[in-house]
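Some notes on the structure that comes next.
Below, chains carry the letters A, B, ... as their sequence lines are ordered, and counting in each starts from 1. Keep in mind that the numbers below use all heavy atoms, side chains included, and drop hydrogens, waters and symmetry copies.
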2 protein chains.
Amino acid sequence: MDNMKLIGDLLHSHGLKKTPIRTEVLELFMDHDFALSASDIVAKMTAGHDRVTIYRALSSFEEHGILHRASEDGQGTKYALCGHKCPDEQHTDKHAHFVCDECHQTYCLEDVQVPEVEVSSEFTVERTSFVLGGICRQCQQ
Amino acid sequence: MDNMKLIGDLLHSHGLKKTPIRTEVLELFMDHDFALSASDIVAKMTAGHDRVTIYRALSSFEEHGILHRASEDGQGTKYALCGHKCPDEQHTDKHAHFVCDECHQTYCLEDVQVPEVEVSSEFTVERTSFVLGGICRQCQQ
DNA sequence: TATTTAAATGCAACTTAGTTGCAAATATAA
DNA sequence: TTATATTTGCAACTAAGTTGCATTTAAATA
């Protein structure tokens, strides 16, 4: 695992201090192939850290382009790492996401591009979110 | 205004009782060209009706295909009438929606079709939501 | 290595969205 | 007009997210 080094670099390169909590949060994201919400993280963290701290870590990561918002279903906002297949910059909203109705997990569909569309000049589009819903393989049976 | 007759028919044809509250809720949807959330409706209703009743009316309308979910931004779920340009059946998710970051209003983009996409067989897609975000004309200045 | 300080954390308290159970009220069919 | 299933209101709850403030800590620098 050289995740440790990676995480250190990631935080440092964005001018964020490397704290145990932030490190553990980023490790969680690296260890999962689906998006996580603040409460998912609180539940998975070893020590019982305050919800507020997790919310603040997530916002901060989002602002710095380390995480992107993957979906906002009824179970709260889920975030995903701007990772492997994401370009280093402008990772937001480039791919679609899939939310399972059964387990409520959110997956990045990194090969499904968010389509570019023409919209009435009445609206200035700054973000696009393309979220599919249904059942994932695990919940299929 | 023959909205009244229309509303009566709509409720009756879905086996829903025509109550003052439901009538007023549907009138509100007919009078607005953007989507409304439960709290929007509570605020706009003349008499101070209970939030719970509004939530229940909305769920019921959604179940019966009278309303569709337009967006779920941080300000709560917004609903829109399955109206004029919606086909009478299967109105859900057929078009994109636009959420303004400034006023948080959600508009139906009835001419922007939600694209059909190919997804890994790992996922069974049952719903699709295509939501654009940005600034609407009113908030432009 | 010790000191300093801006940034990060924890705590308490709050807001807002949404839900559930149950009793009272009411729309409609008979 | 009455009977009944539906709808409504109330109270109480959960869960997500936020804010202010005091305390702690990472890391720059002396």
Which of these nucleotides, [options], is closest to any side-chain atom of [X]?
X	options	value
Arg51(A)	dC11(C), dA13(C), dA28(D)	dA13(C)
Lys18(B)	dT28(C), dG9(D), dG10(C)	dT28(C)
His12(A)	dT8(D), dA16(D), dA28(D)	dA28(D)
Thr19(B)	dA27(C), dG9(D), dG18(C)	dA27(C)
Arg56(B)	dG10(C), dA17(C), dT20(C)	dT20(C)
Ala38(A)	dT19(C), dC21(D), dG17(D)	dG17(D)

Q) Should the pair Phe123(B) and Tyr107(A) be assigned to parallel (<30°), tilted (30 to 60°) or perpendicular (>60°) ring geometry? A) tilted
(Q) Once you apply a heavy-atom cut-off of 4.0 Å, does Ser37(A) come out as touching a base, just sugar-phosphate, or nothing? (A) nothing
Q: Look at all strands and tell whether Ser60(B) reaches a base, only sugar-phosphate, or nothing, counting heavy atoms closer than 4.0 Å.
A: nothing
Whole-Å distance between [N] [atom2] and [X] [atom1]?
X	N	atom1	atom2	answer
Arg69(A)	dG17(D)	CZ	P	8 Å
Glu72(B)	dA16(D)	CD	P	14 Å
Tyr55(A)	dT15(C)	OH	C1'	13 Å
Ile41(A)	dT9(C)	CD1	C1'	16 Å

**Q.** From Leu10(A) atom CG to Leu16(A) atom CG, the distance as rounded to the nearest 0.5 Å
**A.** 8.5 Å
Q. Is His49(B) near enough to dT8(D) that one of its side-chain N or O atoms lies under 4.0 angstrom from OP1 or OP2?
A. no
Q: Compare side-chain N and O positions of Arg22(A) against OP1 and OP2 of dA8(C) and report whether any pair is under 4.0 Å apart.
A: yes
(Q) Grouping I, L, V, M, F, W and Y whenever their side-chain heavy atoms are under 4.5 Å apart, do Val125(A) and Val131(A) come out in a common cluster? (A) no
Q) Can you tell if the side chain of Asp40(B) reaches within under 4.5 Å of the side chain of Gln105(B), non-hydrogen atoms only? A) no
